[in-house]
Structures are given as structure tokens and as C-alpha cells.
Number of protein chains: 2
Amino acid sequence: MDVFLETVSALNDETRIKLLAFLDIHGALCVCDLQESFGMIQSRLSRHLKILKEGGFLRVDRCGTWAYYSIRFPLDRFRSEALSEIRCLGIELPPLQKLSETGDCKL
Amino acid sequence: MDVFLETVSALNDETRIKLLAFLDIHGALCVCDLQESFGMIQSRLSRHLKILKEGGFLRVDRCGTWAYYSIRFPLDRFRSEALSEIRCLGIELPPLQKLSETGDCKL
DNA sequence: GCATAATATCAATATATCTTGATATATTAT
DNA sequence: ATAATATATCAAGATATATTGATATTATGC
């Protein structure tokens with residue numbers, strides 16, 4: 001019950017739905033990229049990304065000081081179906097502003 | 001976005017998940033049956049049932065003064081997958097206390 | 001019509017969640 | 001070691017949601 005509720009409540013926020021849609025389109029991005037793209041303050045993003053990660057939707061790959069967030073695959077059926085729904089919503093997303101450089105990191 | 005969030009937030013409550021599981025097992029029940037089974041006050045149940053209905057999970061069939069709530073079929077893929085998850089949670093549910101009589105009503 | 005029963009809605013309080021700004025941690029470069 | 005950058009966490013206030021008790025609505029039987 002708790003795990004399911006954690007998954008559902010991760011979905012229960014407009015900001016997090018937009019973040020999922022954005023990461024679904026653009027692949028792995030770090031917090032500063034998202035911060036710049038969405039014009040959001042860092043602590044807010046960090047919190048939402050944590051909730052999405054703990055809800056089983058995202059993975060994090062650390063690369064030096066950067067933390068690259070991306071959709072976690074494979075997703076189970078429920079989360080996968082949720083992502084399909086999100087893809088169909090036609091959400092308006094901001095343009096990607098990419099500041100970070102992967103450099104050595106293999107993502 | 002709003003419709004999806006309405007669906008998700010309907011799922012985002014322990015009481016409502018239990019109600020879905022209970023109605024999934026027992027079929028159509030009226031508010032007084034649920035009230036008795038769960039030991040909840042009527043206004044609380046009525047509110048949660050309304051949210052589940054507006055979230056697309058339940059239908060209501062009125063029969064005189066009774067309002068019979070049941071899972072709405074067919075469910076779309078996302079809601080159906082949510083219900084599958086709920087079935088797998090192994091939620092402990094109270095025994096059914098059935099007070100209402102269907103009588104003439106065809107359910 | 002009047003009384004009773006089932007359900008729905010409202011207003012107030014309690015509880016949880018979100019946002020913000022400040023601070024803490026961690027990594028890299030000098 | 002110090003400074004700079006990226007991210008995470010914390011505390012306070014703002015907002016949303018849940019619960020309760022009271023009231024309103026609707027249908028039935030007398």
C-alpha cells in the first residue's frame with residue numbers, strides 16, 4: 001500500500017508531470033539544466049526530482065558535481081502506463097536550455 | 001493535464017484505495033453498506049465516493065433512496081492498470097455488512 | 001402533506017503538501 | 001587549503017486536502 005501510494009503521490013503534482021514529460025523527450029539532464037529550462041529555483045527542482053526518484057520513475061547518474069536525472073527503464077506496467085498517459089496530454093514544455101557538459105561522463 | 005491529475009489524485013488516498021478494492025470484490029454497494037462495513041461516518045464516505053466517481057473509477061446507479069456505487073467498466077488502460085496494482089497489494093479489508101436490499105432494482 | 005431514511009453538501013478545523021530562502025554537503029580547480 | 005559550482009536538506013509560511021458535525025436534498029411510506 002505504502003509503495004503504491006508513494007508512486008501515485010509522485011504523479012500527483014503538475015510540476016512533476018511536466019518534469020517527467022521533459023525528461024522523457026530530452027533524456028538525461030542535470031538539475032541546473034532543468035532549473036534554467038523551467039526557470040525554477042534549485043531547491044524546488046531538487047525536491048520534486050527526489051520525489052519522482054523515490055516514486056520509482058527516475059534514476060540518477062552522478063558525474064562529478066552534476067547529477068543527471070533520467071527516466072528509469074524498464075518501468076513496470078503501472079508507471080509505464082502513467083508515462084504513456086503523460087505523453088498523450090500534449091503538455092506545453094519550455095525549450096531546453098542545456099548548460100552542463102557531459103565531458104568524460106558516459107551517459 | 002487536469003483530467004489526468006483528477007484521476008491521479010483520486011488514487012492518492014488510502015481510504016479511496018480501500019474503497020476501490022472493496023467494491024472490486026463485492027460489486028455494487030450503497031453508501032450505507034460501506035458506512036457499516038468500514039465504520040466510517042456517512043459524509044466522509046460520500047465525499048470519497050464522489051472523488052472516485054469524478055476520477056472515472058466508479059459509476060452510480062440510483063434506486064429509490066439508495067445510491068449503488070460500483071467499479072465503472074470498461075476502465076481505460078491507466079485506470080485498469082491502477083486497479084490491477086490495487087488487487088496485488090493484499091490490502092486487509094473489513095467484512096461486508098450488507099444492510100440495503102435491492103428489491104425491485106435491477107443492478 | 002408529514003415523517004422517516006439515504007445521500008449530498010457546507011463550514012470549520014486538522015493534517016499534509018508545496019514553495020521559498022537559507023544553510024549544508026560534495027566535487028573540482030587554483 | 002581556499003574558492004567556486006552543483007546539489008541536497010532544513011525551517012517557515014502558503015496552499016491544498018481530509019475529517020467532522022451540521023444542514024440540505026431527495027425518495028418512500030403513511
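None of the values given here were measured: they were computed from a predicted structure.
Listed nucleotides C:dT7, D:dT20, D:dT19 differ in distance to B:His48; the shortest reach to its side chain belongs to D:dT19. Counting only heavy atoms from C-beta on, A:Tyr69 has its side chain closest to D:dA8 among C:dA6, C:dC18, D:dA8. Taking every side-chain heavy atom of A:Ala67 into account, D:dA8 is the closest of D:dA8, C:dT9, D:dA18. You'll find that the side chain of B:Thr15 is closest to D:dT19, out of D:dT19, C:dC18, C:dT19. Ranking D:dA18, D:dT20, D:dT7 by closeness to the A:Trp66 side chain, first place goes to D:dT7.
Each of A:Gln35, A:Glu36, A:Lys98 was checked for a side-chain contact (heavy atoms from CB on, under 4.5 Å) with A:Leu29, and the lone residue meeting it is A:Lys98.
The distance from atom CG of B:Leu19 to atom C1' of C:dT7 is 15 Å, rounded to the nearest whole Å. Put simply, CG on B:Leu52 is 13 Å from P on C:dA8, counting in whole angstrom units. We find that CD of A:Glu36 is positioned 16 Å from C1' of D:dT7, with the value rounded to whole Å. Distance NZ (A:Lys50) to C1' (D:dA6): 17 Å, rounded to an integer number of Å. Here C:dT27 presents its C1' atom at 11 Å from CZ of A:Arg62, a figure rounded to the nearest Å. Note: CG (A:Asn12) to P (C:dC18) measures 8 Å, nearest angstrom. Rounded to an integer number of Å, the gap from CD of B:Gln35 to C1' of C:dA8 is 13 Å. If you measure from atom CZ of A:Arg44 to atom C1' of D:dA8, you get 17 Å, rounded to the nearest angstrom.
Side-chain atoms of B:Gln42 come within donor-acceptor range of the base of C:dA8, with a qualifying N/O pair under 3.5 Å.
C:dT4: Watson-Crick or G-U partner is D:dA27, with both key distances under 3.5 Å.
With contacts defined as side-chain heavy-atom distances shorter than 4.5 Å, the pair B:Thr7/B:Phe57 qualifies. Contact of the B:Thr15 side chain with the B:Phe38 side chain is not registered, since no non-hydrogen atoms from C-beta on lie closer than 4.5 Å. Considering only heavy atoms from C-beta on, A:Leu19 comes within 4.5 Å of A:Leu45 through its side chain.
Between A:Thr65 and A:Ile41, the residue anchored nearer the 5' end of DNA chain C, judged by the nucleotide with its closest heavy atom, is A:Ile41. Nearest-nucleotide positions on DNA chain D for B:Arg47 and A:Cys32 put A:Cys32 closer to the 5' end.
Taking 4.0 Å as the cut-off between side-chain N and carboxylate O, B:Arg77 and B:Glu81 do not count as a salt-bridged pair.
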